[in-house]
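Notes follow the structure.
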Amino acid sequence: MSIISFRQRVYTIAQQIPKGKVATYGQLAKMAGSPRAARAVGMSMKCNPDASIIPCHRVVASNGRLVGYAFGGIQTKKQKLLNEGVAFIKDTVDLNVSQWRVTI
DNA sequence: AGATTGACCGTGT
DNA sequence: GACACGGCCAATC
């Protein structure tokens, strides 16, 4: 089943997040096959080799809050998202509008 | 092999 | 709405 590591799966999924949308850590965990592994997802993002191939800035907490970004901090992360047209409410993403929804 | 850690999440007060 | 607590999973020491 899992020939590739959990981390690898997370990366693959993260790359599918469309521009202008965001996904939550829990959401990715669920998609990767471990619904409760949100923390592990966070680690994967932290260890991610390159932001240009893995859009880790499109991953936010379940409440839309921006947490962590290893390529310049929260500010940079927010700027990138704003630049992509993600809807913000103060410092949190409006998930109602900008969450990545996998339409059946 | 065991313990610790971390870019989390849900629930209760 | 803010704060505290516990649980969860994979990677790392």
Side-chain angles (χ1 to χ4, degrees):
Chain A
M1 197 61 163
S2 52
I3 333 169
I4 57 179
S5 68
F6 174 82
R7 200 160 82 183
Q8 199 62 50
R9 268 181 307 194
V10 172
Y11 288 155
T12 304
I13 297 173
Q15 292 179 74
Q16 322 254 332
I17 306 176
K19 182 184 175 190
K21 292 288 180 182
V22 302
T24 69
Y25 294 94
Q27 185 180 354
L28 289 186
K30 191 167 162 188
M31 291 176 173
S34 302
R36 308 267 138 64
R39 301 186 85 142
V41 172
M43 285 215 315
S44 302
M45 289 298 132
K46 180 181 176 184
C47 297
N48 108 62
D50 193 338
S52 62
I53 63 175
I54 300 168
C56 51
H57 62 277
R58 299 194 187 132
V59 185
V60 303
S62 65
N63 57 353
R65 195 82 180 278
L66 268 56
V67 292
Y69 189 59
F71 296 89
I74 305 299
Q75 299 300 326
T76 306
K77 188 168 177 177
K78 183 180 178 184
Q79 279 308 316
K80 277 177 168 280
L81 292 176
L82 283 175
N83 198 31
E84 292 185 356
V86 172
F88 265 84
I89 301 176
K90 292 197 168 208
D91 278 335
T92 69
V93 173
D94 187 347
L95 291 176
N96 260 345
V97 178
S98 301
Q99 177 165 29
W100 177 35
R101 303 197 173 154
V102 191
T103 48
I104 45 177

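Quick note on labels: first sequence line is chain A, next is B, and so on, each numbered from 1.
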Exercise. Of the nucleotides B:dC9, B:dA7, C:dT12, which one has an atom closest to the side chain of A:Ala61?
Worked result: B:dC9
Exercise. Could you give the CG-to-P distance, from A:Asn63 to B:dC8, as a whole number of Å?
Worked result: 10 Å
Exercise. When all nucleic acid strands are considered with a 4.0 Å heavy-atom cut-off, which category describes A:Ala40: base, sugar-phosphate, or nothing?
Worked result: base
For this session: Flag the pair A:Tyr11 / A:Asn48 as yes when at least one side-chain heavy-atom distance between them is below 4.5 Å, and no otherwise.
Result: yes
Seminar exercise, completed: Rounded to whole Å, the OH-C1' distance (A:Tyr25 to B:dA7) equals 4 Å
For this session: Report yes if a side-chain nitrogen or oxygen of A:Ser34 is closer than 4.0 Å to either non-bridging phosphate oxygen (OP1 or OP2) of C:dA10; otherwise report no.
Result: yes
Exercise. Using a cut-off of 4.0 Å on non-hydrogen atoms, how would the nucleic acid contact of A:Ala70 be classed: base, sugar-phosphate, or nothing?
Worked result: base
Exercise. Which listed nucleotide (B:dC9, B:dA7, C:dT12) is nearest to the side chain of A:Arg7?
Worked result: C:dT12
Exercise. Could you give the CE-to-P distance, from A:Met45 to B:dG6, as a whole number of Å?
Worked result: 18 Å
Problem set entry | Out of B:dA7, C:dC9, C:dA11, whichever nucleotide has its closest atom nearest the side chain of A:Val67 | B:dA7
Exercise. Of A:Thr92, A:Asp91, A:Ile74, which is the lone residue that meets side chain to side chain contact (heavy atoms under 4.5 Å, CB included) with A:Leu66?
Worked result: A:Ile74
Exercise. What closest approach, in Å, do A:Tyr69 and A:Lys80 show between heavy atoms, and which atom pair accounts for it?
Worked result: OH-CE, 3.4 Å
Exercise. Should A:Ser62 be listed as having a side-chain N or O under 4.0 Å from OP1 or OP2 of B:dC9?
Worked result: yes
Problem set entry | Length of the CE-P vector between A:Met43 and C:dC8, whole Å | 17 Å
For this session: Write down the distance between CZ (A:Arg39) and C1' (C:dA11), rounded to a whole number of angstrom.
Result: 13 Å
Problem set entry | Nucleotide nearest A:Ala37 (side chain, heavy atoms from C-beta), chosen from B:dC9, C:dT12, C:dC9 | C:dC9
Problem set entry | Donor-acceptor under 3.5 Å (A:Gln27 side chain, A:Trp100 main chain) | yes
Exercise. With a 3.5 Å cut-off and no angle check, do the side chains of A:Glu84 and A:His57 form a donor-acceptor pair?
Worked result: yes
For this session: Quickly work out the A:Ile54 CD1 to B:dA7 P distance and round it to whole Å.
Result: 16 Å
Exercise. CD1 of A:Ile4 versus C1' of C:dA10: gap in Å, rounded?
Worked result: 15 Å
Seminar exercise, completed: Atom CZ of A:Arg36 and atom P of B:dC8 are separated, to the nearest Å, by 17 Å
